[in-house]
Amino acid sequence: MSDKQPFLTDIKTLRERARKHIEQGAVTEGYNADRAQVVELLNAALATEIVCTLRYKRHYYMADGLNASIAAEEFLEHAQQEQQHADWLAERIVQLGGAPNFSPEGLQSRSHAEYVEGETLRDMVREDLVAERIAIDSYREIAAYLGEKDPTTRRIMEEILAQEEEHADDMAAILEAL
(Lines give C-alpha, C1' and ligand atoms only; values in the text may rest on other atoms or scores of the structure.)
Protein backbone atom coordinates (compact mmCIF):
# COMPACT_ATOMS: atom_id res chain seq x y z
CA MET A 1 0.00 0.00 0.00
CA SER A 2 1.38 3.40 -0.90
CA ASP A 3 1.91 6.22 1.58
CA LYS A 4 -0.62 8.35 -0.27
CA GLN A 5 -4.27 7.67 0.46
CA PRO A 6 -6.12 10.40 -1.42
CA PHE A 7 -9.58 9.12 -0.51
CA LEU A 8 -9.00 8.75 3.23
CA THR A 9 -7.84 11.31 5.76
CA ASP A 10 -4.54 10.26 7.32
CA ILE A 11 -4.91 8.22 10.50
CA LYS A 12 -3.19 10.78 12.72
CA THR A 13 -5.68 13.48 11.70
CA LEU A 14 -8.64 11.11 12.16
CA ARG A 15 -7.43 10.26 15.65
CA GLU A 16 -6.96 13.92 16.59
CA ARG A 17 -10.39 14.91 15.25
CA ALA A 18 -12.05 12.01 17.11
CA ARG A 19 -10.78 13.41 20.43
CA LYS A 20 -12.18 16.90 19.77
CA HIS A 21 -15.76 17.61 20.82
CA ILE A 22 -16.15 14.07 22.11
CA GLU A 23 -19.40 15.09 23.83
CA GLN A 24 -21.04 15.23 20.37
CA GLY A 25 -21.00 11.42 20.14
CA ALA A 26 -21.59 10.22 16.59
CA VAL A 27 -21.47 13.75 15.12
CA THR A 28 -17.88 14.31 14.07
CA GLU A 29 -16.16 17.17 12.25
CA GLY A 30 -16.76 15.21 9.05
CA TYR A 31 -20.53 15.69 9.38
CA ASN A 32 -21.44 18.05 6.54
CA ALA A 33 -25.18 18.62 6.89
CA ASP A 34 -26.98 21.38 8.76
CA ARG A 35 -27.79 19.41 11.91
CA ALA A 36 -30.63 21.67 13.02
CA GLN A 37 -32.26 21.42 9.58
CA VAL A 38 -31.86 17.63 9.50
CA VAL A 39 -33.38 17.29 12.99
CA GLU A 40 -36.31 19.48 11.86
CA LEU A 41 -36.84 17.31 8.76
CA LEU A 42 -36.63 14.14 10.85
CA ASN A 43 -39.14 15.49 13.37
CA ALA A 44 -41.56 16.20 10.50
CA ALA A 45 -41.03 12.63 9.26
CA LEU A 46 -41.50 11.38 12.84
CA ALA A 47 -44.84 13.21 13.06
CA THR A 48 -45.82 11.70 9.71
CA GLU A 49 -45.03 8.20 10.95
CA ILE A 50 -46.97 8.73 14.18
CA VAL A 51 -50.02 10.01 12.29
CA CYS A 52 -49.80 7.07 9.88
CA THR A 53 -49.50 4.60 12.76
CA LEU A 54 -52.60 6.06 14.39
CA ARG A 55 -54.59 6.10 11.15
CA TYR A 56 -53.67 2.50 10.30
CA LYS A 57 -54.56 1.38 13.83
CA ARG A 58 -57.98 3.02 13.57
CA HIS A 59 -58.54 1.44 10.18
CA TYR A 60 -57.53 -1.94 11.57
CA TYR A 61 -60.18 -1.74 14.25
CA MET A 62 -62.86 -0.15 12.06
CA ALA A 63 -62.52 -2.37 8.98
CA ASP A 64 -65.67 -4.38 8.37
CA GLY A 65 -67.46 -5.99 5.50
CA LEU A 66 -66.86 -8.94 3.23
CA ASN A 67 -63.31 -7.93 2.19
CA ALA A 68 -62.29 -6.54 5.56
CA SER A 69 -60.07 -9.36 6.84
CA ILE A 70 -57.35 -8.99 4.18
CA ALA A 71 -57.38 -5.18 4.48
CA ALA A 72 -57.35 -5.35 8.28
CA GLU A 73 -54.27 -7.62 8.26
CA GLU A 74 -52.48 -5.11 6.03
CA PHE A 75 -53.60 -2.19 8.21
CA LEU A 76 -52.16 -3.87 11.30
CA GLU A 77 -48.89 -4.83 9.61
CA HIS A 78 -48.48 -1.31 8.24
CA ALA A 79 -49.23 0.24 11.65
CA GLN A 80 -46.46 -1.86 13.19
CA GLN A 81 -44.02 -0.91 10.43
CA GLU A 82 -44.90 2.78 10.71
CA GLN A 83 -44.20 2.55 14.46
CA GLN A 84 -40.81 0.98 13.67
CA HIS A 85 -40.07 3.87 11.30
CA ALA A 86 -40.94 6.34 14.06
CA ASP A 87 -38.53 4.54 16.39
CA TRP A 88 -35.71 4.66 13.81
CA LEU A 89 -36.30 8.38 13.26
CA ALA A 90 -36.40 9.17 16.99
CA GLU A 91 -33.17 7.24 17.52
CA ARG A 92 -31.43 9.13 14.71
CA ILE A 93 -32.67 12.49 16.02
CA VAL A 94 -31.07 11.71 19.38
CA GLN A 95 -27.82 10.59 17.69
CA LEU A 96 -27.71 13.99 16.00
CA GLY A 97 -28.07 15.74 19.34
CA GLY A 98 -31.72 16.65 18.87
CA ALA A 99 -34.90 15.82 20.75
CA PRO A 100 -37.64 13.77 19.08
CA ASN A 101 -40.96 15.61 19.19
CA PHE A 102 -43.64 13.17 20.35
CA SER A 103 -45.96 15.89 21.58
CA PRO A 104 -49.55 15.34 20.48
CA GLU A 105 -49.97 19.12 20.32
CA GLY A 106 -49.38 20.19 16.73
CA LEU A 107 -48.86 16.61 15.55
CA GLN A 108 -51.15 17.06 12.54
CA SER A 109 -49.49 20.29 11.47
CA ARG A 110 -46.00 18.78 11.75
CA SER A 111 -47.01 15.71 9.75
CA HIS A 112 -46.76 15.56 5.97
CA ALA A 113 -49.69 13.12 5.83
CA GLU A 114 -53.18 13.82 7.07
CA TYR A 115 -55.26 11.86 9.53
CA VAL A 116 -58.43 11.08 7.59
CA GLU A 117 -60.60 8.38 9.11
CA GLY A 118 -62.66 7.32 6.10
CA GLU A 119 -66.26 6.11 6.35
CA THR A 120 -66.07 2.90 4.33
CA LEU A 121 -63.36 0.30 3.81
CA ARG A 122 -62.77 1.76 0.34
CA ASP A 123 -62.38 5.25 1.85
CA MET A 124 -59.92 3.94 4.44
CA VAL A 125 -57.76 2.21 1.84
CA ARG A 126 -57.88 5.28 -0.42
CA GLU A 127 -56.79 7.58 2.43
CA ASP A 128 -53.96 5.22 3.37
CA LEU A 129 -52.81 5.13 -0.25
CA VAL A 130 -52.89 8.94 -0.45
CA ALA A 131 -50.86 9.18 2.77
CA GLU A 132 -48.30 6.68 1.46
CA ARG A 133 -47.94 8.65 -1.76
CA ILE A 134 -47.33 11.84 0.25
CA ALA A 135 -44.69 10.07 2.36
CA ILE A 136 -43.02 8.63 -0.75
CA ASP A 137 -42.59 12.05 -2.34
CA SER A 138 -41.53 13.86 0.83
CA TYR A 139 -39.09 11.12 1.90
CA ARG A 140 -37.58 10.97 -1.58
CA GLU A 141 -36.99 14.73 -1.38
CA ILE A 142 -35.44 14.43 2.09
CA ALA A 143 -33.11 11.64 0.91
CA ALA A 144 -32.06 13.72 -2.11
CA TYR A 145 -31.48 16.78 0.10
CA LEU A 146 -29.27 14.75 2.44
CA GLY A 147 -27.24 13.28 -0.42
CA GLU A 148 -23.67 12.74 0.72
CA LYS A 149 -23.92 15.36 3.50
CA ASP A 150 -25.47 12.78 5.87
CA PRO A 151 -25.33 9.30 4.35
CA THR A 152 -26.53 7.57 7.53
CA THR A 153 -29.75 9.58 7.73
CA ARG A 154 -30.17 9.28 3.96
CA ARG A 155 -29.99 5.47 4.21
CA ILE A 156 -32.57 5.46 7.02
CA MET A 157 -34.89 7.59 4.89
CA GLU A 158 -34.30 5.33 1.88
CA GLU A 159 -35.11 2.24 3.94
CA ILE A 160 -38.34 3.84 5.15
CA LEU A 161 -39.09 5.04 1.61
CA ALA A 162 -38.77 1.48 0.27
CA GLN A 163 -41.30 0.23 2.83
CA GLU A 164 -43.66 3.12 2.09
CA GLU A 165 -43.56 2.15 -1.59
CA GLU A 166 -44.47 -1.42 -0.60
CA HIS A 167 -47.34 -0.07 1.52
CA ALA A 168 -48.60 1.98 -1.44
CA ASP A 169 -48.49 -1.11 -3.66
CA ASP A 170 -50.42 -3.08 -1.03
CA MET A 171 -53.09 -0.38 -0.72
CA ALA A 172 -53.37 0.01 -4.51
CA ALA A 173 -53.89 -3.75 -4.89
CA ILE A 174 -56.55 -3.81 -2.15
CA LEU A 175 -58.29 -0.78 -3.64
CA GLU A 176 -58.38 -2.45 -7.04
CA ALA A 177 -59.89 -5.59 -5.49
CA LEU A 178 -62.65 -3.68 -3.69
Side-chain angles (χ1 to χ4, degrees), residues 33 37-96 98-147 150-178:
Q37 178 68 38
V38 172
V39 167
E40 185 177 322
L41 290 170
L42 292 178
N43 265 315
L46 174 61
T48 302
E49 295 300 318
I50 293 168
V51 166
C52 288
T53 300
L54 295 172
R55 192 188 56 257
Y56 272 124
K57 284 290 247 186
R58 182 181 197 283
H59 291 173
Y60 168 70
Y61 288 108
M62 295 301 294
D64 67 350
L66 205 53
N67 300 312
S69 64
I70 292 170
E73 284 179 34
E74 287 297 321
F75 293 156
L76 181 59
E77 179 183 330
H78 291 190
Q80 293 165 343
Q81 290 171 339
E82 302 292 359
Q83 181 60 58
Q84 178 65 63
H85 300 165
D87 293 343
W88 292 342
L89 293 165
E91 183 178 314
R92 184 60 180 160
I93 290 166
V94 172
Q95 285 176 344
L96 293 174
N101 187 347
F102 283 99
S103 174
E105 187 163 334
L107 184 62
Q108 284 248 86
S109 63
R110 292 191 312 272
S111 172
H112 299 158
E114 297 171 296
Y115 182 92
V116 180
E117 293 176 347
E119 295 294 319
T120 66
L121 185 59
R122 178 180 286 283
D123 290 344
M124 291 177 207
V125 172
R126 184 179 295 113
E127 289 305 327
D128 290 331
L129 179 53
V130 167
E132 295 295 354
R133 290 170 53 83
I134 291 167
I136 288 166
D137 278 347
S138 62
Y139 294 176
R140 186 181 298 120
E141 286 183 24
I142 291 170
Y145 166 77
L146 294 167
D150 184 342
T152 302
T153 305
R154 186 196 71 236
R155 282 193 308 273
I156 291 167
M157 294 308 300
E158 288 170 344
E159 179 69 28
I160 295 171
L161 173 61
Q163 282 196 332
E164 303 299 6
E165 289 173 346
E166 288 176 27
H167 293 175
D169 282 346
D170 293 343
M171 292 297 104
I174 291 171
L175 189 59
E176 188 176 312
L178 288 177

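These figures come from a predicted structure and were not determined experimentally. Side chains included, hydrogens not; waters and symmetry mates left out as well; all remaining heavy atoms used.
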Report the C-alpha separation of Thr153 and Leu96 in whole Å, then their side-chain angles, then the decisive distance to 0.1 Å, and conclude whether the side-chain contact (heavy atoms from CB on, under 4.5 Å) test is met.
CA-CA 10 Å; Thr153 305; Leu96 293 174; 4.0 Å; yes
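- With values rounded to the nearest 0.5 angstrom, Ile156 atom CD1 is found 5.5 Å from Arg92 atom CZ.
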Give the intermediate values and the outcome of side-chain contact (heavy atoms from CB on, under 4.5 Å) for residues Leu175 and Arg122.
CA-CA 7 Å; Leu175 189 59; Arg122 178 180 286 283; 3.7 Å; yes
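- Partners of Ser111 under the side-chain hydrogen bond (donor to acceptor under 3.5 Å, both in side chains) rule, at least two apart in sequence or in another chain, do not exist in this structure.
- Within 6.0 Å of the CD1 atom in Ile70, the count of heavy atoms belonging to other residues, nucleotides or ligands does not exceed 12.
- Between the side chain of Arg55 and the backbone N or O of Met124 there is no donor-acceptor pair closer than 3.5 Å.
- Between Ala90 and Pro100, the shortest heavy-atom contact is CB-CB, 3.8 Å.
- Note that the CG atom of Leu161 and the CD atom of Glu166 stand 10.5 Å from one another [nearest 0.5 Å].
- Remark: Glu77 CD is packed, more than 12 non-hydrogen atoms of other residues, nucleotides or ligands lying under 6.0 Å away.
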Donor-acceptor pairs under 3.5 Å, side chain of residues 37-49 to any protein atom, not counting sequence neighbours: which ones?
| unit_1 | atom_1 | unit_2 | atom_2 | d |
| --- | --- | --- | --- | --- |
| Asn43 | OD1 | Asn101 | N | 2.7 |
| Asn43 | ND2 | Ala99 | O | 3.2 |
| Thr48 | OG1 | Ala44 | O | 2.9 |
| Thr48 | OG1 | His112 | N | 2.8 |
| Glu49 | OE1 | His85 | ND1 | 3.0 |
| Glu49 | OE2 | Tyr139 | OH | 2.5 |

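- Of all heavy-atom pairs spanning Gly118 and Arg58, the tightest one is O-NH1, 4.2 Å.
- For the atom pair Met157 CE and Ile142 CD1, the distance stands at 4.0 Å (nearest 0.5 Å).
- In this structure, CD on Glu73 lies 11.5 Å from CG on Asp170, to the nearest 0.5 angstrom.
- With respect to Lys57 and Glu82, no salt bridge is recorded, no charged nitrogen being found less than 4.0 Å from a carboxylate O.
- For Arg140, the CZ atom is densely surrounded, since the number of other residues' heavy atoms within 6.0 Å is greater than 12.
- Taking CG from Asp150 and CZ from Arg155, the interatomic distance works out to 9.0 Å, rounded to the nearest 0.5 Å.
- With contacts defined as side-chain heavy-atom distances shorter than 4.5 Å, the pair Asp123/Arg126 qualifies.
- Legend: ring pair (Phe, Tyr, Trp, His ring centres under 6.0 Å) pairs involving residues 47-72, not counting sequence neighbours, sorted by first then second residue: Tyr56-His78, His59-Phe75.
- Looking at Glu158 and Arg154, a side-chain N of the basic residue comes within less than 4.0 Å of a carboxylate O on the acidic one, giving a salt bridge.
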Applying side-chain contact (heavy atoms from CB on, under 4.5 Å), run through Gln84 and Trp88 and close with a yes or a no.
CA-CA 6 Å; Gln84 178 65 63; Trp88 292 342; 2.5 Å; yes
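- Taking 4.5 Å as the limit, some side-chain heavy atom of Leu54 sits within range of a side-chain heavy atom of Leu107.
- Between Leu121 and Ala71, the closest heavy-atom pair is CD1-CB, 3.8 Å.
- We find the SG-CD distance between Cys52 and Glu164 to be 6.5 Å, quoted to the nearest 0.5 Å.
- Judged by distance alone, with hydrogens and angles left aside, the side-chain atoms of Arg110 form a donor-acceptor pair with the main-chain N or O of Glu105 at under 3.5 Å.
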